[in-house]
Participant: 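Have a look at the structure that comes next, please.
In what follows, every chain begins at residue 1, and chains take the letters A, B, ... in the order their sequences are listed.
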Number of protein chains: 2
Amino acid sequence: MTPMKEDYLKIIFELGGSHKKVSNKDISLGLGIAAGSVTEMVSKLADEQLVVHEPYAGISLTPKGEKYAAELVRKHRLWETFLVDKLHYNFADVHQEAEVLEHQTSDRLATALDNFLQHPKACPHGGVIPSASGEFPEVSRVLLADAKDGEKVTLERFLDNHELLTYLEELQLRPGDEVTVVRHEPFEGPLVIKKAGADQPINVSYKASHNIFIRADK
Amino acid sequence: MTPMKEDYLKIIFELGGSHKKVSNKDISLGLGIAAGSVTEMVSKLADEQLVVHEPYAGISLTPKGEKYAAELVRKHRLWETFLVDKLHYNFADVHQEAEVLEHQTSDRLATALDNFLQHPKACPHGGVIPSASGEFPEVSRVLLADAKDGEKVTLERFLDNHELLTYLEELQLRPGDEVTVVRHEPFEGPLVIKKAGADQPINVSYKASHNIFIRADK
DNA sequence: CAAAAAAATTAGGTTAGCCAAAGATCACAT
DNA sequence: ATGTGATCTTTGGCTAACCTAATTTTTTTG
Ligand SMILES: [Mn+2]
Ligand SMILES: [Mn+2]
Ligand SMILES: [Mn+2]
Ligand SMILES: [Mn+2]
């Protein structure tokens, strides 16, 4: 298994390949690789029983491919956690480093890292860390953008994009923060929220509010 | 710069390419790559001004190549130190992991690791860790095998070979240990030494004694 | 010093991935 | 139901590394 094949599996996983068909185009866009190259690689992954490919219909992970992808996500997120917790990286900068380290991480190393970090549940952006055996719980797919005015919610996960994370770091927002939605300004204006305990409201851009997943507080 | 090119530079460095010419054969043996392939890669490295190659005469590093190689050795040894000190690997097992991690280590990551480890001077096998700018001090080239009977010496560095290191771990020998040479048994028999403070002598195989470098105690 | 052995280089061929462009298929709006 | 644009696959070609085998150069040895 090569690093590139691993990245294909991982993006298929991230695009929902465990429960639905993923398009060639989305993979092509996600990896920045020409569509023709994607078709070629996908057919190799299909030969290895890691994905199922119905030409012109879409691509999904086999159980084997899903397990492999989840283990990669685990390694990726363990590294991100290490970099933030131990090496004091800021959380916008860890993705790039983890993106390459993940491919050079033996199962033994992953286990040792997990112990060292005391079994973290989630990465710095709130992404759940799959178990060593490749299991992962369901995650929220509710967007902050879709919360109602007045609702009190917990920020669960930020999409792993450098610009977004830099922006959120400036706004001093973190996964786990409890916030109250004040109002949605019209015409794709910002979402105004208030952090629990704070007096100043925070403007979250329309676009950012569509890249943050939340959990409704009980 | 690809991982393979990096490994070429590193082995040339380790074979003495900073101060002498290295043979095609030694590189071929060291990397387990066919001699013809070595010639081909060396000529690419020469194009990039990283090595000087005189056909049929040998290969040596340019200042630029030496700096690059030293930075790789630094990254390699920082990882080895991390694995032993923080993740509790035994010192025979770290080389393999470091061999791949070294190629995915940004300068920023190396600096962060170095801080986290509190600026270690040497790796777990006693190899000096070059500075961030690629400087490295002279190292001992005196073999334990060449110490005189009765001499008191410090074990400085073990060659990084899994079998050797496993063997030395069993003998409970570590870089930094002070030992007295008792006698050289004839016909390639073991070297008998005694650790400072211990009563039992230790037999070190003839072969092992040729893979350990020492510093004479003052 | 010449023949044999060893080492290095050159030549020809393979594989993994990538791309651009051409051709096939699909989806949807008239 | 058909035409058009979007998407997907196929084709042909490229580069980086690797290999084996043949050839050339250097070194060693009788
Ligand atoms: Mn990430
Ligand atoms: Mn990756
Ligand atoms: Mn090593
Ligand atoms: Mn390496």
Participant: Report yes if at least one side-chain N or O of B:His53 is closer than 4.0 Å to OP1 or OP2 of C:dA8; otherwise report no.
Facilitator: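 No, no such contact exists.
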
Participant: Could you grab the distance from atom OG1 of B:Thr39 to atom CD1 of B:Ile33, nearest 0.5 Å is fine?
Facilitator: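 These two atoms lie 12.0 Å from each other.
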
Participant: Before we go on, tell me: are the rings of B:Tyr89 and B:Phe82 under 6.0 Å apart, centre to centre?
Facilitator: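 No, too far apart.
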
Participant: Please state how far atom CE in B:Met1 lies from atom C1' in D:dT15, giving the value in whole angstrom units.
Facilitator: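 My rounded result for the distance is 17 Å.
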
Participant: Among residues two or more places apart or on two chains, list those pairs meeting salt bridge (Lys or Arg N to Asp or Glu O under 4.0 Å) that have a residue in residues 3-15 of chain B.
Facilitator: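 Only B:Lys5-B:Glu48, B:Lys10-B:Glu99, B:Lys10-B:Glu102 qualify under salt bridge (Lys or Arg N to Asp or Glu O under 4.0 Å).
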
Participant: In whole angstroms, how far is the C1' atom of D:dT26 from the CD atom of B:Glu54?
Facilitator: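 Distance check: B:Glu54 CD to D:dT26 C1' gives 14 Å.
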
Participant: Heavy atoms within less than 4.0 Å of DNA chain C: which residues of residues 37-47 of chain A have one? Give them sorted by number.
Facilitator: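 When residues 37-47 of chain A is checked for heavy atoms under 4.0 Å from DNA chain C, the hits, listed by number, are A:Ser37, A:Glu40, A:Met41, A:Lys44.
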
Participant: Between A:Leu117, A:Leu113, A:Val84, which is the residue that forms a side-chain contact (heavy atoms from CB on, under 4.5 Å) with A:Trp79?
Facilitator: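 Of the listed residues A:Leu117, A:Leu113, A:Val84, the side-chain contact (heavy atoms from CB on, under 4.5 Å) partner of A:Trp79 is A:Leu113.
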
Participant: Strictly below 4.0 Å, heavy-atom distances to any atom of DNA chain D: list the hits from residues 26-36 of chain A, or just say none.
Facilitator: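 The answer is A:Ala35, A:Gly36.
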
Participant: In Å and rounded to the nearest 0.5 Å, what is the CG to OG distance from A:Leu164 to A:Ser205?
Facilitator: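 OG of A:Ser205 is found 8.0 Å from CG of A:Leu164.
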
Participant: I need the full list of salt bridge (Lys or Arg N to Asp or Glu O under 4.0 Å) pairs touching residues 159-168 of chain A, with sequence neighbours left out, sorted by first then second residue.
Facilitator: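 Residue pairs passing salt bridge (Lys or Arg N to Asp or Glu O under 4.0 Å), neighbours aside: none found.
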
Participant: Any salt bridge (Lys or Arg N to Asp or Glu O under 4.0 Å) involving residues 52-61 of chain A? Give me the pairs, sequence neighbours left out, ordered by first then second residue.
Facilitator: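 Every salt bridge (Lys or Arg N to Asp or Glu O under 4.0 Å) pair that includes a residue of residues 52-61 of chain A, provided the two are not neighbours, is A:Lys21-A:Glu54.
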
Participant: Tell me whether the NZ or CZ atom of A:Lys86 lies within the 45° cone about the ring axis of A:Phe116 and under 6.0 Å from its centre.
Facilitator: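 Because its charged atom sits under 6.0 Å from the ring centre and within 45° of the axis, A:Lys86 does stack over A:Phe116.
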
Participant: What integer distance in Å separates B:Lys25:NZ from C:dA8:P?
Facilitator: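 Rounding to the nearest Å, NZ of B:Lys25 and P of C:dA8 are 8 Å apart.
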
Participant: Examine D:dA16: is either OP1 or OP2 under 4.0 Å from a nitrogen or oxygen in the side chain of B:Thr2? Give yes or no.
Facilitator: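 For D:dA16, neither OP1 nor OP2 has a side-chain N or O of B:Thr2 closer than 4.0 Å.
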
Participant: Are B:His95 and B:His125 an aromatic pair by the rule of ring centers under 6.0 Å?
Facilitator: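 They do not qualify: ring centres at least 6.0 Å apart.
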
Participant: To the nearest Å, how far apart are A:Lys21 NZ and D:dC8 C1'?
Facilitator: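 Taking atom C1' of D:dC8 as the reference, NZ of A:Lys21 is at 15 Å.
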
Participant: Nearest whole angstrom, please: distance from the P of D:dA6 to the OH of A:Tyr56.
Facilitator: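 About 17 Å, once rounded to whole Å.
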
Participant: Calculate the interatomic distance between A:Asn24 atom CG and C:dA27 atom P; express it in whole Å.
Facilitator: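 From A:Asn24 CG to C:dA27 P: 14 Å.
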
Participant: Return the residues of residues 4-19 of chain B meeting this criterion: a heavy atom under 4.0 Å from some atom of DNA chain C. Order them by number, or give none.
Facilitator: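 Nothing qualifies; none.
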
Participant: Please tell me whether A:Phe13 and A:Tyr8 form a close aromatic pair, meaning their ring centres lie under 6.0 Å apart.
Facilitator: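 Not under 6.0 Å, so no.
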
Participant: Hey, does the Lys NZ or Arg CZ of B:Arg141 hover above the aromatic six-ring of B:Phe213, less than 6.0 Å from the centre and inside 45° of the axis?
Facilitator: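 That pair does not qualify as a cation-pi contact.
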
